[in-house]
Amino acid sequence: MCSYITEKSAIMGSAKGRRGWMSVDTAVVYYDHPTHVPLDHALNIDFVDSRSHERVAVELSADSARELVARIQAALDSGDAIHLGSREPSLVDGAGR
Amino acid sequence: MYRGLVGKEIKYKGHDGVEKNAYFARPEGDGPFPGVVFIHHVPGWNEVCVETVRRLAHHGFAAITPNLYAAYGEGDADDIGARARAEGGVSDEQLLGDVSGSMAYLRAQPNANGKVAVMGYCSGGRQTFLAACRLKDVNAAVDCWGGRVMVKDKAALTAKQPTAPIDFAKDLNCPILGIFGNDDKEPDVEQVNKTEEILKGLGKRHEFHRYDGAGHAFFDWSRPSYRPEQAMDAWGKVFAFLNKNIG
């Protein structure tokens with residue numbers, strides 16, 4: 001494919017890169033040729049600090065990226081249920097840590 | 001074969017006369033040597049591109065690969081490539097200026113024969129097609145699986161790449177070699193066939209080769225897409241084409 005087509009999202013968070021932890025403010029997402037994972041195409045995400053241009057990069061197979069999307073959504077739903085008060089965190093199910 | 005090589009990073013004047021860096025390699029000796037501008041792909045000005053220039057030199061060409069991402073400074077090629085991609089990549093106007101400046105650098109060398117080809121893989125194949133149409137002094141072009149020469153969805157055109165190169169095909173003024181894998185999705189077989197049909201209709205000199213059992217980027221020995229048998233056959237076609245047209 002080798003295109004410049006990207007999806008961008010403003011984010012608030014931190015990532016651990018080659019120099020330790022840093023703030024990241026942008027996620028750049030594209031489905032194209034990866035640099036490292038041995039696939040022709042991959043879902044690539046760069047977590048970027050736009051001030052320093054440092055990034056933390058991940059390259060995922062399409063299937064694992066879709067599964068990750070579902071797991072992120074499930075974790076957020078679960079977190080909402082716990083932290084917005086529908087149920088208390090429990091040490092039994094490990095959710096309180 | 002030219003086993004002794006001169007290879008070095010050089011400065012040249014790119015788009016708008018801005019000084020930029022490039023990698024240059026040529027055989028040892030007095031020449032005269034034909035020139036090749038090798039356009040690097042979206043992922044960056046990386047080792048594969050520098051090695052490609054050395055390979056061209058090994059076969060008798062003075063070759064240069066301009067760093068299209070020079071404005072982003074130093075760093076790992078993949079990090080610089082990611083930054084360029086996030087900002088929409090290289091504009092077609094910048095590309096034409098950088099290629100034109102690289103061609104001027106090659107022609108200014110004392111051991112140049114004055115003829116220059118343009119070559120590229122993937123996005124560089126698209127840009128090769130574009131340069132061969134828009135620049136008036138390209139002597140030959142080698143488009144290796146250039147994606148988006150023909151754009152299926154006009155929504156994919158951007159401010160930096162506003163026109164599908166095929167729309168400039170009537171201005172193509174040099175012979176063009178096309179190398180394609182039949183398992184490629186961009187360009188797929190239909191796009192390759194349509195491109196060839198348009199070139200035929202316009203009476204443009206072209207030579208297209210298609211390979212079974214190969215997809216995109218089958219020259220790239222660093223990736224699982226590498227197909228050594230098809231790649232070596234195609235490299236033979238590339239050298240024959242270049243020797244015929246700029247040698």
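Naming: A, B, ... by sequence-line order, numbering from 1 per chain. These numbers come from the heavy atoms of this one structure, side chains and all, not from hydrogens, waters or symmetry mates.
In Lys13(B), the NZ atom is not crowded: 12 or fewer heavy atoms of neighbouring residues, nucleotides or ligands sit closer than 6.0 Å. Heavy atoms of other residues, nucleotides or ligands lying less than 6.0 angstrom from CD of Glu229(B) number 12 at most. In Arg66(A), the CZ atom is not crowded: 12 or fewer heavy atoms of neighbouring residues, nucleotides or ligands sit closer than 6.0 Å. By the neighbour-count criterion of 12 heavy atoms within 6.0 Å, atom NZ of Lys194(B) is sparsely surrounded, having that number or fewer from other residues, nucleotides or ligands. Residue-environment remark: CD (Glu9(B)) exceeds the threshold of 12 foreign heavy atoms within 6.0 Å. Enclosure of atom NE2 in His209(B) by more than 12 non-hydrogen atoms of other residues, nucleotides or ligands within 6.0 angstrom is indicated.
Looking only at heavy-atom pairs under 4.5 Å with chain A, the residue among Lys185(B), Gln161(B), Arg126(B) that has the most is Gln161(B).
Ring geometry for His41(A) versus His216(B): interplanar angle of 30 to 60°, hence tilted.
Take Glu59(A) and apply the salt bridge (Lys or Arg N to Asp or Glu O under 4.0 Å) test, not counting sequence neighbours, and it matches no residue.
Side-chain contact between Arg85(B) and Asp32(A) is present, with heavy atoms from C-beta onward closer than 4.5 Å. Between Ser225(B) and His33(A), the closest side-chain pair of non-hydrogen atoms is not below 4.5 Å.
Considering every non-hydrogen atom in both Arg223(B) and Pro38(A), the closest pair reads NH2-CA, 4.0 Å.
In this structure, Arg83(B) CZ and Asp46(A) CG are separated by 12.5 Å, a value rounded to the nearest 0.5 Å.
Below 4.5 Å, heavy atoms of chain A meet heavy atoms from Tyr69(B), Asp76(B), Asp78(B), Asp79(B), all part of residues 67-79 of chain B.
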